[in-house]
Amino acid sequence: MTSSSVVCKPPVRRVAIFGGTHGNELSGVFLVKHWQENGAEIQRTGMEVKPFLTNPRAVKKCARYIDCDLNRVFDSDNLGRPVVEDIPYEVRRAQEINHIFGPKGSDDAYDLIFDLHNTTSNMGGTLILENSRDDFTIQMLHYIKNALAPERCPVLLIEHPSLKYATTRSVAKHPVGVEVGPQPQGVVRADILDKMRKIVKHGLDFVQLFNEGKEFPPCTIEVFKIMEKVDYPRNKNDEVIAIIHPKLQDQDWQPLNNGDPLFLTLDGEVIVYKENCTVYPTFINEAAYYEKKQAFVKTVKIELTAKHIRSSALDQSTS
């Protein structure tokens, strides 16, 4: 098969939009609740689009989670864990979500899930990709990026040999994270909500065009591939002793070079980046990641290419 050959992909008939995976990230909570009452804007011909509140107890408390992070427990151990009285709420909820939208890894799983998140970091409207070989999703992200241009829409690839996320959206055949910021926890900003809303709209438009038979020729996108999580400097008691340097704060996706400042101690000492390779930090000073011992993540810039695709539904309709 040559690179110009058309690859036929199954039509995408079942789509879910998750909000409230973290109960204090309110753009997705507000949008999903709105679409549950009035879903006209997310409905598209030829497919079912289901808005779904993933962590209702955390939403009610306006907390990230109740017992543990819902967005980290969709692994086989937790999904197969016996349901006993003291099982963490989010693990039980993960099993319920897997039952409704999965089972994860099966033919019966939903085709596509958009999982809506906010960040306190200055990441803009970021799309999160889990699989570098997913032609359909790469084509969709390419479409969304072009639709939003000239506004920047970075793509974060979280595929990594040892960093395993086990995300809520990973139940679907094609999982897409939508991470929009900066927005404080427990707050809704109209501009951030609007950016998230547009990303979802363009994603659904792409699915409809794909299902209707539009071909998408080979495309290439720039992505930021996650390499390593970086913790804050700590003392012997494991307490943070330096904060994000002002010159790094809010500089998500900007190049970080050898000698650039990273942290500032309260005594005024500057701690610098001491590696020769240029990296692109993101999730800088994310509020939710203090407990995860993460000041930022290092990424490198790479390109991903998707094959020429179209829906196989056309073949079925003409056979």
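None of these values were measured; they are calculated from a predicted model.
The shortest distance between side-chain heavy atoms of Leu53 and Lys33 falls below 4.5 Å. Looking only at side-chain heavy atoms (C-beta outward), Pro11 and Ser312 come within less than 4.5 Å of each other. With contacts defined as side-chain heavy-atom distances shorter than 4.5 Å, the pair Leu193/Val188 qualifies. Here the side chains of Leu248 and Asp260 are not in contact, with every heavy-atom distance at 4.5 Å or above. Put simply, the side chain of Thr119 does not reach to within 4.5 Å of the side chain of Gln183, judged on heavy atoms. Residues Val73 and Cys68 have side chains in contact (heavy-atom distance under 4.5 Å, counting atoms from C-beta outward). The shortest distance between side-chain heavy atoms of Cys153 and Lys145 falls below 4.5 Å. Side chains of Ile284 and Asp250 form no contact here, defined as non-hydrogen atoms less than 4.5 Å apart.
Connection of Ile66 to Leu26 is not established within any shared hydrophobic cluster, with ILVMFWY side chains joined at heavy-atom distances below 4.5 Å, either directly or through further cluster members. Under the 4.5 Å side-chain contact rule for hydrophobic residues, Ile97 and Val91 share a cluster. Put simply, Met196 and Val187 are part of two different groups of oily side chains (I, L, V, M, F, W, Y) that touch within less than 4.5 Å, one to the next. Connection of Ile100 to Ile87 is established within a shared hydrophobic cluster, with ILVMFWY side chains joined at heavy-atom distances below 4.5 Å, either directly or through further cluster members. Placement of Ile244 and Ile241 in two distinct hydrophobic clusters is found when ILVMFWY residues are connected by side-chain heavy-atom separations under 4.5 Å, directly or transitively.
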**Prompt:** So Phe296 and Phe283, ring pair (Phe, Tyr, Trp, His ring centres under 6.0 Å) or not? Walk me through it.
**Reply:** CA-CA 5 Å; Phe296 60 90; Phe283 279 114; over 10 Å; no

**Check against side-chain contact (heavy atoms from CB on, under 4.5 Å), Val200 and Ile17** = CA-CA 8 Å; Val200 173; Ile17 304 171; 3.8 Å; yes

**Message:** Determine whether Phe74 and Val171 satisfy the following criterion, side-chain contact (heavy atoms from CB on, under 4.5 Å), listing intermediate values before the conclusion.
**Reply:** CA-CA 8 Å; Phe74 281 77; Val171 166; 3.5 Å; yes

**Request:** Step by step, work out the salt bridge (charged side-chain N to carboxylate O under 4.0 Å, His left out) result for Asp111 and Arg13.
**Result:** CA-CA 7 Å; Asp111 297 309; Arg13 299 300 187 199; over 6 Å; no

**Item:** Criterion side-chain contact (heavy atoms from CB on, under 4.5 Å) on Asp194 and Ile192, from CA distance to verdict
**Value:** CA-CA 5 Å; Asp194 183 61; Ile192 299 296; over 6 Å; no

**Item:** Steps toward side-chain contact (heavy atoms from CB on, under 4.5 Å) verdict (Val272, Leu262)
**Value:** CA-CA 5 Å; Val272 300; Leu262 293 178; 5.9 Å; no

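By the neighbour-count criterion of 12 heavy atoms within 6.0 Å, atom CD of Glu37 is sparsely surrounded, having that number or fewer from other residues, nucleotides or ligands.
Side-chain polar atoms of Ser27 and Asn118 form a donor-acceptor pair below 3.5 angstrom. No side-chain donor-acceptor contact under 3.5 Å links Asp205 and Tyr143. Checking Gln251 against Asn122 by side-chain atom types alone, no donor-acceptor pair falls below 3.5 Å. In summary, the side chains of His117 and Glu25 do present a donor paired with an acceptor at a separation below 3.5 Å, with no hydrogens or angles considered. In this structure, a donor-acceptor pair under 3.5 Å is absent between the side chains of His22 and Asn24. Side-chain polar atoms of Ser170 and Lys104 form a donor-acceptor pair below 3.5 angstrom.
Lys293 places no side-chain N or O within donor-acceptor distance of the main-chain N or O of Asp231, the cut-off being under 3.5 Å. Remark: the backbone N or O of Arg81 is paired with a side-chain donor or acceptor of Gln95 at under 3.5 angstrom. When atom types are taken as modelled, the side chain of Lys274 and the backbone of Asn258 share no donor-acceptor pair closer than 3.5 angstrom. In this structure, the side chain of Gln139 engages the main chain of Lys307 through a donor-acceptor pair within 3.5 Å. At distances below 3.5 Å, at least one donor-acceptor pair connects side-chain atoms of Thr265 with backbone N or O atoms of Asp267. Of the possible polar contacts, one joining the Asn235 side chain to the Glu239 backbone as a donor-acceptor pair under 3.5 Å is found. A distance-only check finds a donor-acceptor pair linking the side chain of Arg44 to the backbone of Glu41 [under 3.5 Å]. Judged purely by atom type and a 3.5 angstrom limit, Glu286 uses its side chain to pair as donor or acceptor with the backbone of Thr120. For Glu275 (side chain) and Cys277 (main-chain N/O), no donor-acceptor pair under 3.5 Å exists by modelled atom type. Of the possible donor and acceptor atoms, one in the side chain of Trp253 sits under 3.5 Å from a partner among the backbone N and O of Met123.
We find the SG-CD1 distance between Cys8 and Ile309 to be 10.0 Å, quoted to the nearest 0.5 Å. Taken to the nearest 0.5 Å, the CD atom of Glu222 stands 13.0 Å off from the CG atom of Leu141.
Relative to the six-membered ring of Phe216, Lys214 meets both conditions, a distance below 6.0 Å and an angle of at most 45° to the axis. Judged by a 6.0 Å distance limit and a 45° cone about the ring axis, Arg310 is not positioned over the six-membered ring of Phe210.
Contact record, His160 with Met227: NE2-O, 3.0 Å, taken as the closest heavy-atom pair. The shortest heavy-atom contact between Tyr89 and Asp67 is N-OD2, 2.7 Å. Nearest heavy-atom pair across Asp107 and Lys173 is O-NZ, 2.9 Å. Contact detail for Glu159 and Glu130: the closest heavy-atom pair is CB-O, 3.6 Å. Nearest heavy atom pair, residue Leu112 against residue Ala172, reads C-CB, 4.0 Å. Considering every non-hydrogen atom in both Thr299 and Ile226, the closest pair reads CG2-CA, 4.1 Å.
In this pair, Phe52 and Phe18 present their aromatic rings tilted. The plane angle is within the 30 to 60° band. Classified by interplanar angle (parallel below 30°, tilted 30° to 60°, perpendicular above 60°), the ring pair Phe263/Tyr232 is tilted.
Under the side chain to side chain donor-acceptor pair (under 3.5 Å) test applied with Tyr110, the options Glu48, Lys50, His174 reduce to a single match, Glu48. Only one option out of Thr54, Asn55, Asn71, Thr167 pairs with Thr21 in a side chain to side chain donor-acceptor pair (under 3.5 Å); it is Thr54.
The pair Arg93-Glu90 does not meet the salt-bridge criterion, since no charged nitrogen lies less than 4.0 angstrom from a carboxylate oxygen.
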